[in-house]
There are 2 protein chains.
Amino acid sequence: MAVTLADVAARAGVSAATVSRVLSGNYPVAGATRSRVLRAVEELEYVVNGPASSLAAATSDLVGVLVNDIADPFFGIIASAVQSEMEPEKGGGKLAVVCNTGGSPERELTYLTLLQRQRAAAVVLTGSAVEDPAHTEALATRLRRLAAAGTRVVLCGRPPLPEADGDGGRDGQRGAADGGAPLTVAFDNRGGARRLTGHLLALGHRRIGYVAGPAERTTTRHRLEGHRAALADHDRALLAEAERLTVHGAYDRSSGYDGTLELLRREPGLTAVLAANDTVALGVCAALREAGLSIPGDVSVAGFDDLPFSADASPALTTVRIPLHGAGARAGRLALGRDSAPPGGVATVRTELMVRASTAAPRSG
Amino acid sequence: MAVTLADVAARAGVSAATVSRVLSGNYPVAGATRSRVLRAVEELEYVVNGPASSLAAATSDLVGVLVNDIADPFFGIIASAVQSEMEPEKGGGKLAVVCNTGGSPERELTYLTLLQRQRAAAVVLTGSAVEDPAHTEALATRLRRLAAAGTRVVLCGRPPLPEADGDGGRDGQRGAADGGAPLTVAFDNRGGARRLTGHLLALGHRRIGYVAGPAERTTTRHRLEGHRAALADHDRALLAEAERLTVHGAYDRSSGYDGTLELLRREPGLTAVLAANDTVALGVCAALREAGLSIPGDVSVAGFDDLPFSADASPALTTVRIPLHGAGARAGRLALGRDSAPPGGVATVRTELMVRASTAAPRSG
DNA sequence: CATAGGATAGAAAGCGCTTTCTAAAGCGAG
DNA sequence: CTCGCTTTAGAAAGCGCTTTCTATCCTATG
C-alpha cells in the first residue's frame with residue numbers, strides 16, 4: 001500500500017541497499033547516485049517505515065519522558081526542556097514522548113514496559129518518587145534492566161536509585177560494562193527548604209505552619225527534613241512543635257486551602273505558613289484571606305519551585321526557585337549521552353531562595 | 001541479546017505462533033497451553049519487541065499529540081485529557097506521545113513526519129494554527145495523506161482543514177473510502193469573545209482595549225472577530241476605535257504587560273482591557289497596578305480560557321471558559337475511533353462566560 | 001464403527017528495512 | 001600493460017513478530 005524502499009530503489013534504478021545508505025548517510029555513495037535516489041524519494045513522497053527500520057537496526061529514536069502530571073507547569077517546563085534538547089538541529093533527532101503517569105507507581109511501570117517494548121533509546125523519569133519499598137524495588141529492577149539493555153535511564157528531580165544489591169554487580173565496576181547505570185539530576189530540596197525556613201526564622205517567625213505534600217513522596221520528605229533541620233539549628237524546642245504544625249495534602253491548590261484551615265484550627269497564632277509548592281501556596285493564601293488575615297501583615301506565606309505565576313501572585317510569592325529548565329535540559333543531554341555522566345552518576349541542581357513580598361517580619365513579636 | 005518470542009516458545013514447549021496468539025489474545029488457545037506460555041513469559045521476563053510487532057502487524061499503538069507549548073497549562077490540560085482516554089483500562093492501551101512544536105509550522109511538519117514514520121495510529125493536533133497559505137496547504141496535504149494511510153487525524157482547538165481541492169477527491173463521497181478525513185473539535189472562540197465584550201458593553205464600558213495574540217493565528221483572529229462583532233452590534237461607531245485600541249503580542253505574561261503599557265499610551269482613558277488569554281491577563285493586571293490603576297475600580301480586565309489559576313488571581317478573573325478537559329477527551333475518543341464522527345466532521349465546543357471580580361461597571365460614566 | 005467437523009497448534013511466508021559480504025569498476029604504481 | 005588497492009554498489013541474510021494455511025487430534029453423528 002504505502003511506498004517502500006524497494007519502490008524508491010526501482011525508480012532510481014539502484015538497489016534497496018543503496019537507497020538505505022543514502023538515507024541513513026553513514027556510508028559513501030557517489031554524488032550522482034545520491035541525488036538520483038533523493039529525487040526518487042521526493043517524487044514518490046517516500047516516508048521510512050519506522051518499525052521496519054527499528055527492527056533491522058535494533059535501535060529506535062524514541063525517548064520517553066515520564067511525568068506525574070502533564071497539566072502541571074512544573075512538569076511541563078521540565079518536559080519542554082528535555083524535548084528541546086532532542087531537536088533535530090541539536091543533533092538529537094529523537095522523538096521525545098511525554099507520558100503522564102498521574103503519579104501512580106503502577107502506571108509508571110506500565111509506561112516503562114511500553115517504552116521498553118518500543119526499544120526506546122532513553123527514558124527520563126521526572127518528579128518525586130513514592131517511598132513504598134515494594135515499588136521502589138520493582139522500579140529499580142526494571143530501570144536497571146532497561147539500562148542493561150542499552151536504554152539510557154535518567155532520573156530528574158528524584159533521588160538516585162538505591163544501590164543494587166542481591167544478585168547484581170557481577171563485575172567489579174558496576175555500570176561500566178553494560179549500557180551504563182541510571183543517572184540522576186537531583187534537586188537540592190533539603191537545602192532549599194532549610195534556607196527558606198531559615199529566612200522565616202531570621203525575620204522573627206516562631207510559629208510556622210507547614211502544608212506539606214503527600215507523606216509518601218521523596219520530595220515531601222526532603223523538604224520537610226530541610227525545614228526541621230533549620231528549626232533545630234535555631235532552637236531545638238521548635239522541633240517539638242513542628243509535628244503538630246505540619247499537615248499533609250496533595251500538590252494542588254485545594255490541599256493548600258484545606259490544610260491552612262486545619263492549621264489555623266490547631267494554632268490560631270500562626271505567623272507564617274510554608275506550602276509544599278507554589279500551587280499549594282495559592283490555596284494557602286486564599287484560605288488566609290478568607291479568614292480575614294492579611295499577607296504578609298498577619299501571616300507570611302512561602303512556596304516552593306518558583307513557577308512562572310509565582311512572581312505574579314499578589315502578593316508576589318517568596319519561594320525556593322528550582323532551575324527546572326536547566327535541570328530538564330541537563331537530563332535531556334544525559335539521556336542523549338551528549339553530556340558525560342556526573343561523578344557518582346548524580347548531578348545535584350542548586351536551589352535558590354527568592355524573597356518576595358509574601359514574607360515579612362511578624363507583627364510585633 | 002534480548003529474550004525473543006522463540007525463546008519463550010522453546011521454554012514453553014510450543015511454537016512461536018502459539019506464543020504470539022496467547023499474547024495478542026485474539027485467537028483461541030487451550031487453557032493449559034496458555035498458562036504454560038504465560039509462565040514462560042514470566043520466567044524469562046519477556047517483553048515484546050514493539051518494532052517487530054508493528055512491522056508484522058502493520059500497525060502501531062502510538063498516538064501523537066502535537067501541542068504548541070507543553071509548559072502552558074492550556075495545552076497540558078488538553079494533552080492530559082487526550083492521554084487519559086488512552087489508558088489501558090479504557091480499552092485504549094495506546095501510547096500517547098506529546099510533541100512540543102513551539103508553535104512553529106516547520107516543527108509541526110517535522111513531528112508529523114516522525115509520527116508517520118512510526119506509523120502512528122492517530123494524531124491529534126491542538127492549538128491555533130498559523131494562517132500562512134503556504135503552510136496551511138502543506139499541512140493539509142500531509143494530514144490528508146496521513147488520514148488516507150489509515151492514521152486517524154483529529155484537530156482540537158483549531159479550525160477544520162479547508163476543503164480539499166486540486167487533484168483530490170477522486171471518488172464522490174470524500175473521506176468515506178479511505179481511513180476517513182481529518183476530524184475537528186473546534187472551540188467557539190468567536191462566540192465566547194462576543195459574549196465577553198457584550199458583558200463589558202452591558203456594564204457600560206466604551207473604551208475597551210484589546211491585547212490580542214499573534215496576528216497570524218486563527219484563534220487570535222476568531223476572538224478578535226467576536227469582539228468586533230459585539231462592538232458593531234452595540235454601536236457601529238465603536239468599531240472605528242477598535243483598530244486603534246488593539247495591540248498584538250504573544251500568548252505570555254510579558255506581552256500582556258507591554259501591550260497594556262502601549263494601550264495606556266494610546267488611550268489613557270481606557271476603562272477595560274481584554275486579554276488574549278488568562279496568562280496575558282496576568283501581565284495586563286501587573287501593568288495596570290504599576291500604573292496606579294485599580295482593578296476593577298479604574299479598569300476592568302478580562303481574559304480567555306479559564307485556566308486553574310484564573311479563579312485564584314486577585315481579583316479573580318472574569319474570563320471565557322473553554323472546557324479544555326472535555327474537548328481533549330472528545331478529541332482522544334475520536335482519535336481512537338471510540339466516538340463516531342460528528343456531523344460534517346466538526347464538533348464545536350461551547351464556551352462559557354465566567355463573570356468574576358475583575359470586571360465591574362466603569363466609574364461614573 | 002467410520003467419518004465429518006470443530007478445536008487447537010505448527011510450519012512457513014512474509015512485513016520493510018539494515019548490513020555484512022561480495023563483486024565490479026576505476027585508479028595509480030611497478 | 002598488468003597487478004593490487006580503493007571506491008562504489010548489489011545480493012542476500014536476517015531482525016522478531018503476525019498470520020495464513022495446514023495438519024492433527026477429538027468429539028459427535030449417521
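Note that the coordinates shown come from a computational prediction; the quantities given were computed from them, not determined experimentally. Lettering of chains follows the sequences in order, A, B, ..., and the numbering in each one begins at 1.
- Straight-line distance from the CG atom of B:Leu23 to the C1' atom of D:dC17: 11 Å, rounded to whole Å.
- Across B:Lys94, B:Arg330, B:Arg338, a single residue satisfies side chain to side chain donor-acceptor pair (under 3.5 Å) together with B:Glu85, and that is B:Arg338.
- Counting only heavy atoms from C-beta outward, the side chains of A:Tyr46 and A:Asp7 never approach each other to under 4.5 Å.
- Rounded to whole angstrom, the span from the CD atom of A:Gln118 across to the C1' atom of D:dG16 amounts to 13 Å.
- When heavy atoms are screened at a 4.0 angstrom cut-off, A:Thr33 is found touching the sugar-phosphate backbone but no base atom.
- Rounded to whole angstrom, the span from the CG atom of B:Leu5 across to the P atom of D:dC15 amounts to 13 Å.
- B:Leu55 has its CG atom 9 Å from the P atom of C:dC15, to the nearest Å.
- In this structure, B:Thr18 does not reach the C:dA9 phosphate: none of its side-chain N or O atoms is under 4.0 Å from OP1 or OP2.
- For the residue pair B:Cys156 and B:Ala327, the shortest heavy atom distance occurs at SG-O, 4.0 Å.
- Of all the heavy atoms in A:Val124 and A:Ala335, the pair that sits closest is CG2-CB, 3.8 Å.
- A:Thr18 and A:Ser15 form a side-chain donor-acceptor contact under 3.5 Å, judged by distance and modelled atom types alone.
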Are A:Thr33 and A:Val22 close enough, and set up right, to give a side chain to side chain contact (heavy atoms under 4.5 Å, CB included), and what steps lead you there?
CA-CA 9 Å; A:Thr33 315; A:Val22 167; 5.7 Å; no
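- With D:dG16, C:dC17, D:dG10 as the choices, the nucleotide that has an atom nearest any side-chain atom of A:Val14 turns out to be D:dG10.
- One can place CG of B:Asn49 at 6 Å from C1' of D:dG16, the figure rounded to the nearest angstrom.
- Remark: P of C:dT18 and CG of A:Asp61 are 12 Å apart, rounded to the nearest angstrom.
- Counting only distance, with no hydrogens or angles, the side chain of A:Thr141 and the backbone of A:Glu137 share a donor-acceptor pair below 3.5 Å.
- If one axis is set at each end of the helix from C:dC1-D:dG30 to C:dG30-D:dC1 from five pairs, those axes are 50° apart, to 10°.
- Here the C1' atom of nucleotide C:dT8 and the CZ atom of B:Arg36 are 12 Å apart, to the nearest Å.
- The side chain of B:Ser15 contributes an N or O atom lying less than 4.0 Å from OP1 or OP2 of C:dG10.
- Put simply, the residue from B:Glu108, B:Glu106, B:Arg107 that forms a side chain to side chain donor-acceptor pair (under 3.5 Å) with B:Ser104 is B:Glu106.
- When all heavy atoms are compared, the tightest approach of B:Phe75 to B:Asp69 is CD1-O, 3.4 Å.
- The side-chain heavy atoms of A:Asp61 and A:Met86, taken from C-beta on, include no pair separated by under 4.5 Å.
- The side chain of B:Ala56 lies closest to C:dC15, out of D:dA9, C:dT18, C:dC15.
- Each of A:Ala16 and B:Ala52 has a nearest nucleotide on DNA chain C; the 5'-most of these lies closest to B:Ala52.
- Between B:Pro28 and B:Arg119, the one whose closest nucleotide on DNA chain C sits nearer the 5' end is B:Pro28.
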With the criterion being N/O to N/O and under 3.5 Å, what pairs connect the protein with nucleotides 20-26 of chain C, and how long is each?
{"from": "C:dT20", "atom 1": "O4", "to": "A:Arg21", "atom 2": "NH1", "distance (Å)": "3.2"}

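- Protein atom CG of B:Asp7 is 14 Å distant from nucleotide atom C1' of D:dC15, rounded to whole Å.
- Base engagement by B:Ser20 is indicated by at least one non-hydrogen atom pair under 4.0 Å involving a base atom.
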